[in-house]
Amino acid sequence: MAKILVVDDSSTVRDEVAGFLRRNGLDVDTAVDGKDGLAKLRGNPGVKLVVSDVNMPNMDGLTMVEKIRGELGNSAVNVIMLTTESSPAMKERGKAAGVKGWIVKPFKGDAVLETFRKLAG
Amino acid sequence: MSMTSRLVSKMLVLDARDEQLPSLSRVYGEQNVIGIAVRNEDLASALAEHTDLGAVLLAGDYDGSPAANEAVAAQLHALRPELPVIMQQRERNEAAEWPLAGRQLRASYAADDPEGLRTAIDEHVFGVTFPDALVDGIVEITTARLRSLFTSMDVAVEAPSIVRDRIIFGEAFSLIPLEGAWCRGYMLMQAEEEPLIATLGSAAARDREAGSVGGAGAADFRELNSVLGELTNLVWGAFKNRFLSEPATGTQPLVQVPLLINHRHRYISFGSDNPQLCFRYRLSGPGTARDVVIDQRFVFSLNWSPEDFDDSGEAADAPAFGEIDLF
């Protein structure tokens, strides 16, 4: 059962992040946008950490988080945004939706691995 | 605010008189012009080869006869009507007689008046000013993102340039809107497939040898598309965070105009005559037979107000990219 769900419309980023986490012994599933992420989360209550992009087609990452907390009523899963966005307004919206942390791309696995382990534990 | 004087522009020089070259070269050097001398019989091949031109500098007596002048005008108008032509007049008022007078011919100057050439280049080629901090910032954020994506490659940057051509070159390109209070337009990233696919294949092979990734075979164009898309996304995000902290909003709906792409003629129009601000990055490294060349273009076709330029968007205490900011 996947413990970490990586949500990004870029296959380059999905492969990079999921590959890095798997090589470090973590259980990972992926989704291609917010809508897909929401569906994967519905079908997999064992997910402890979602790592998600913000700007995605069909459903953006912050809307997905708001739906995770609202529609799914899931307040337990930790969410980290991994995005090119760094505007204070965007971060505020993330905080309000219950996002746990924010990473500005590009992804540097070594810098975040231990935090990911804790949040997925 | 400092406006840049470091931009260059590549121009075809149609002038059969070699004795003119020293004085022209001096002006070109002062004006940041890269002049490419072309003989009449080579004009078509020169236009095919150089797809990133700023203008054509034409001698009024280039090929000596009215019929030859007409042929040059017809070729320029058929192949590259968007390129401004600047004419040096010699014996008489050739500009008035030239077939494209009043259309593609934008300016003329007397042979003994280099100041006239300077003025024409300033007005019709460079025309639009770009802040130094913008040009420097684009290079800085793009090279940093290229290095993060292509970790084993060296990244070199050519002199930023002004292009009036509207040619799509390379084989894959991405396009993303830029929307801010002081500028609105697009960024393009263009690349050729083969060298980039070869580079991605080499990187994947190294990863497989190191046991860090499983199975996938050689890279294909879909992987190239994905990498070009992610590079575009990274640069766009960094550009937005640094330069577009004020959103392009107001009480009125934002204006849009159609983009026009003609695949057959490899042509793209953004609906305005604004020049393109261009950067070329060259990536080299182990396992690459050819350098990977990435062309990046900015077209601020919907709004350009450099007097309101602001690069204070990125907060000074913002965490470095890749590091987590826990709430």
Side-chain angles (χ1 to χ4, degrees), chain A residues 8-24 28 32 49 51 53-57 61 65 78-119, chain B residues 141 144-151 174 176-177 180 196 200 203-204 207-208 210-216 219-220 222-247 249 313-327:
Chain A
D8 201 304
D9 57 319
S10 162
S11 61
T12 301
V13 175
R14 288 197 306 275
D15 291 350
E16 181 190 12
V17 177
F20 173 82
L21 296 175
R22 286 180 185 129
R23 290 196 297 281
N24 283 280
V28 183
V32 299
L49 171 64
V51 180
D53 191 10
V54 170
N55 295 307
M56 294 183 288
V65 180
N78 291 309
V79 182
I80 300 285
M81 306 312 292
L82 172 62
T83 173
T84 58
E85 298 283 354
S86 72
S87 78
M90 201 74 91
K91 286 186 174 182
E92 279 309 313
R93 187 180 157 201
K95 268 187 206 177
V99 166
K100 195 88 176 175
W102 201 277
I103 302 169
V104 178
K105 286 179 181 177
F107 178 69
K108 287 184 190 168
D110 292 335
V112 298
L113 181 59
E114 284 315 307
T115 307
F116 279 20
R117 279 192 200 283
K118 280 181 198 158
L119 295 174
Chain B
I141 61 183
R145 271 72 193 171
L146 281 167
R147 287 186 177 118
S148 76
L149 271 181
F150 301 94
T151 51
S174 65
I176 193 164
L196 189 47
L200 296 173
D207 287 346
R208 281 196 299 279
S212 56
V213 293
D220 65 13
R222 289 179 182 81
E223 192 172 342
L224 174 149
N225 292 348
S226 178
V227 168
L228 190 61
E230 186 53 22
L231 174 64
T232 305
N233 184 42
L234 290 173
V235 175
W236 171 79
F239 186 98
K240 205 154 67 84
N241 295 334
R242 182 151 167 180
F243 299 122
L244 305 180
S245 56
E246 290 294 322
T249 53
E314 191 84 81
D317 58 352
F321 62 68
E323 289 175 13
I324 195 163
D325 183 12
L326 283 170
F327 300 151

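Here is how names work: the chains are called A, B, and so on, in the same order as the sequence lines, proteins then strands, and each is numbered from 1.
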*Side chain of B/D325, backbone of A/I103: donor and acceptor closer than 3.5 Å?*
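Flag not set: sc B/D325 to bb A/I103 has no pair under 3.5 Å.
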_So does A/P106 get a backbone contact from the side chain of B/S148, meaning a donor-acceptor N/O pair under 3.5 Å?_
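Pair absent, no side-chain N/O of B/S148 close to backbone of A/P106.
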*For A/L113, which residues count as a side-chain contact (heavy atoms from CB on, under 4.5 Å) partner, sequence neighbours excluded?*
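A/L113: side-chain contact (heavy atoms from CB on, under 4.5 Å) contacts with A/F20, A/L21, A/N24, A/L26, A/R117.
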Are the side chains of [X] and [Y] in touch, meaning some heavy atoms are under 4.5 Å apart?
X      : Y      : answer
B/I324 : A/I80  : yes
B/W236 : A/N55  : yes
A/K105 : B/E230 : yes
B/S245 : A/S87  : no

*Please identify each residue that fulfils side chain to side chain donor-acceptor pair (under 3.5 Å) with B/N225, with sequence neighbours left out.*
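Residues passing side chain to side chain donor-acceptor pair (under 3.5 Å) with B/N225: none at all.
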*Check each atom of A/T115 against the heavy atoms of chain B and say whether the ones under 4.5 Å are side chain, backbone, both or neither.*
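For A/T115, side-chain heavy atoms alone lie under 4.5 Å from chain B.
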_Counting only non-hydrogen atoms closer than 4.5 Å, does A/L82 touch chain B with its backbone (N, CA, C, O), its side chain (CB onward), both, or neither?_
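Interface part for A/L82: neither.
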*Measure the spacing between CG of B/L326 and NZ of A/K100 and express it to the nearest 0.5 Å.*
8.0 Å
*Sort out for me which of A/A111, A/A89, A/S11 touches chain B most, counting heavy-atom pairs under 4.5 Å.*
A/S11
_My understanding is that only one of A/V13, A/T12, A/D8, A/T84 makes a side-chain contact (heavy atoms from CB on, under 4.5 Å) with B/N233; could you say which?_
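Answer to the side-chain contact (heavy atoms from CB on, under 4.5 Å) test with B/N233 among A/V13, A/T12, A/D8, A/T84: A/T84.
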